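Everything numeric in this text was worked out from a predicted model, so none of it was measured.
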Amino acid sequence: MNAQRAPRKTSAQIPLESTSTVRGLKPRQLTMMGLGGAIGAGLFLGSGKGVAVAGPAILVSYIVAGALVILVMWMIGELSAANPTTGAFSAHAQNAFGPVAGYTVGWLYWVQLAVVTAAEANGAATILTGILKNTMGDVTVPPTWLLSLVFMTLFTTINMFAVSKYGEFEFWFAFIKVGVILAFLVVGVLMLIGVVPGHEGGLSNFADFAPTGVAGVGAGLLIVIFAFGGTEIVAIAAGETVDPQRSVATAIRTVAWRICLFYIGSVFIIVAVLKPSQADPPEGPFAAVLNVAGLPAAGNIMALIAVFALLSALNANIYAASRMMHSLAQRDYAPAAIKRTARNSVPRRAVLLTVSFGFVASILEAVFPGKVLDTLLSIVGSTIIIIWISVAASQITLRHRRERENPGERASTYRMPLFPFLSYLTVALLAVIVVVALFDPAARTQLLLTVAATTLIAVTGVFVTRRTTQPAAVHANLDE
């Protein structure tokens, strides 16, 4: 790739042979994985909570969060185009700040996904159990814990496929979610212009734009920001994508604006159709809007879509967590046996270790309902903020380093625009999120627990990285 080609094999590079993955993902699969990773239960179910808290002013929260996501995605795009590796932001943090930083970010991300994977399996099982009870009456339905284990088993199997087959499966899974959102937007627009019978249309709900004031917007922002988590899977999948430098640039440009369109567009429809008191029913705001439109069985339909959304996110998170663990093993930050890949170049041991956590958590949740997963989710609840801060710090540090060491040279096929202004704006927005969280009791507890978990991992990282012979820098191999 001329000036953009990474150095050929050196001692600083991740070992290959039987420990390597392959570049089997297509650009369209990478793009759809980025979309699918961010479009989950946070949109289909959680968006109603934000509307209930802030009313129509929740749109301000979504606009701020959407702007932040675009900025972070641009940073991820630059880092991943310059160094596409499945270690992603863990490898970038290591390159910027040393082994302990790479170890901490990598393991923190893996722990988060392992916990979220169990929560998604349990959430999908809970919703599906409710649907079956509503439609089958007195017929006995499988218990939630059994369905959760079935989902875990099914998606463990899917993640054992070659990455090209996995990517195709996730492409169509995410495509379903995108199609549902587009259909919802069409129905919503027809309702607002008065075409749908029984609905007079208009934007009268916006008359009381901010019923809870600035405090509501701030509280809504905390709800919204975590819903956007999942976009970072693009950075991990870049390490297994054909022509990663160009593919990442395309995916970042496409994913960023589409996510904002889908989120902000959907929430606009919700706040225009529903009062804040109507926006958070058990079946979710999407179902509530379709019920107003008079569509039959809307609740069950959207609940089923929510199951698909959760399972798609479950599938993506198993993938991302297993690749992160594999990268950690390649850097000697995890047991050496995890380095090995199967004949189809899938790190199956990393997959199995990732899902084993989910299996155990699902079983414990069945024994101690409402305690295990809630506690674990509280501990990792603010992880996405820590990850995004690491991305911002790494991008600023590595961009300055490249410009200092290679003045005038274009170091990547994709670069953060308006550097350094937008990079520091990203840091400022992240700081605002942290400050707002500190003034919210529930968010403050989550943030402090996540900081405590991060500190614990970092302390273990000090001892683990002292024993490793791996060099400080981590580079992808672009000569495959």
Side-chain angles (χ1 to χ4, degrees), residues 38-72 181 184-185 187-189 191-193 199-229 231 256-293 381-382 384-385 388 425-426 428-444 446-447:
I39 301 173
L43 176 60
F44 286 108
L45 298 177
S47 55
K49 299 184 185 301
V51 177
V53 167
I58 192 65
L59 286 169
V60 177
S61 302
Y62 271 95
I63 290 170
V64 172
L68 178 57
V69 167
I70 290 176
L71 293 171
V72 171
I181 292 174
F184 176 80
L185 292 175
V187 171
V189 170
M191 293 177 70
L192 296 184
I193 62 178
H199 192 272
E200 59 187 21
L203 301 173
S204 59
N205 284 356
F206 286 88
D208 188 9
F209 184 74
T212 54
V214 177
V217 175
L221 184 60
L222 295 176
I223 296 172
V224 169
I225 198 70
F226 299 113
F228 280 106
T231 53
W257 72 263
R258 285 184 180 177
I259 285 176
C260 291
L261 171 65
F262 292 153
Y263 268 86
I264 296 174
S266 297
V267 173
F268 180 87
I269 298 298
I270 291 169
V271 299
V273 174
L274 304 176
K275 300 291 185 182
S277 59
Q278 302 172 314
D280 192 25
E283 67 271 19
F286 280 67
V289 170
L290 296 181
N291 282 329
V292 172
S382 298
I384 190 64
I385 297 297
W388 285 0
L425 176 61
T426 306
L429 288 174
L430 288 168
V432 169
I433 300 296
V434 172
V435 171
V436 171
L438 291 175
F439 283 93
D440 181 274
R444 180 172 62 245
Q446 278 196 355
L447 182 61

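- In this structure, CG in L185 is found 6.0 Å from CD1 in I269, a value given to the nearest 0.5 Å.
- Taking CD1 of I225 as the start and OH of Y62 as the end, the distance is 10.5 Å to the nearest 0.5 Å.
- A heavy-atom distance below 4.5 Å is not found between the side chains of I181 and Y263.
- For the pair V435 and F439, the tightest heavy-atom approach, listed with the atom from each and the gap, is O-CD1, 3.1 Å.
- In terms of heavy atoms, S382 sits closest to A443 at OG-O, 4.4 Å.
- More than 12 heavy atoms of other residues, nucleotides or ligands shown are found within 6.0 angstrom of CZ on F206.
- For the pair L68 and L429, the tightest heavy-atom approach, listed with the atom from each and the gap, is CD1-CB, 3.9 Å.
- With sequence neighbours excluded, no residue forms a side-chain hydrogen bond (donor to acceptor under 3.5 Å, both in side chains) with D280.
- Across all non-hydrogen atoms, the minimal contact from G48 to P285 is N-CG, 3.5 Å.
- Scanning both residues, A293 and M191, for their nearest heavy atoms gives CB-SD, 3.6 Å.
- Within the model, atoms CG of L430 and CG of L71 stand 9.0 Å from one another, a figure rounded to the nearest 0.5 Å.
- The CZ atom of F209 sits 10.0 Å away from the CD1 atom of I58 when rounded to the nearest 0.5 Å.
- Closest approach of N205 to L274, counting heavy atoms only: ND2-O, 3.1 Å.
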Subject >> Worked check of ring pair (Phe, Tyr, Trp, His ring centres under 6.0 Å) between F262 and F184 >> reply: CA-CA 10 Å; F262 292 153; F184 176 80; over 10 Å; no

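- Atom CZ of residue F286 and atom CG of residue L43 lie 4.0 Å apart, to the nearest 0.5 angstrom.
- Of the possible donor and acceptor atoms, one in the side chain of T212 sits under 3.5 Å from a partner among the backbone N and O of V53.
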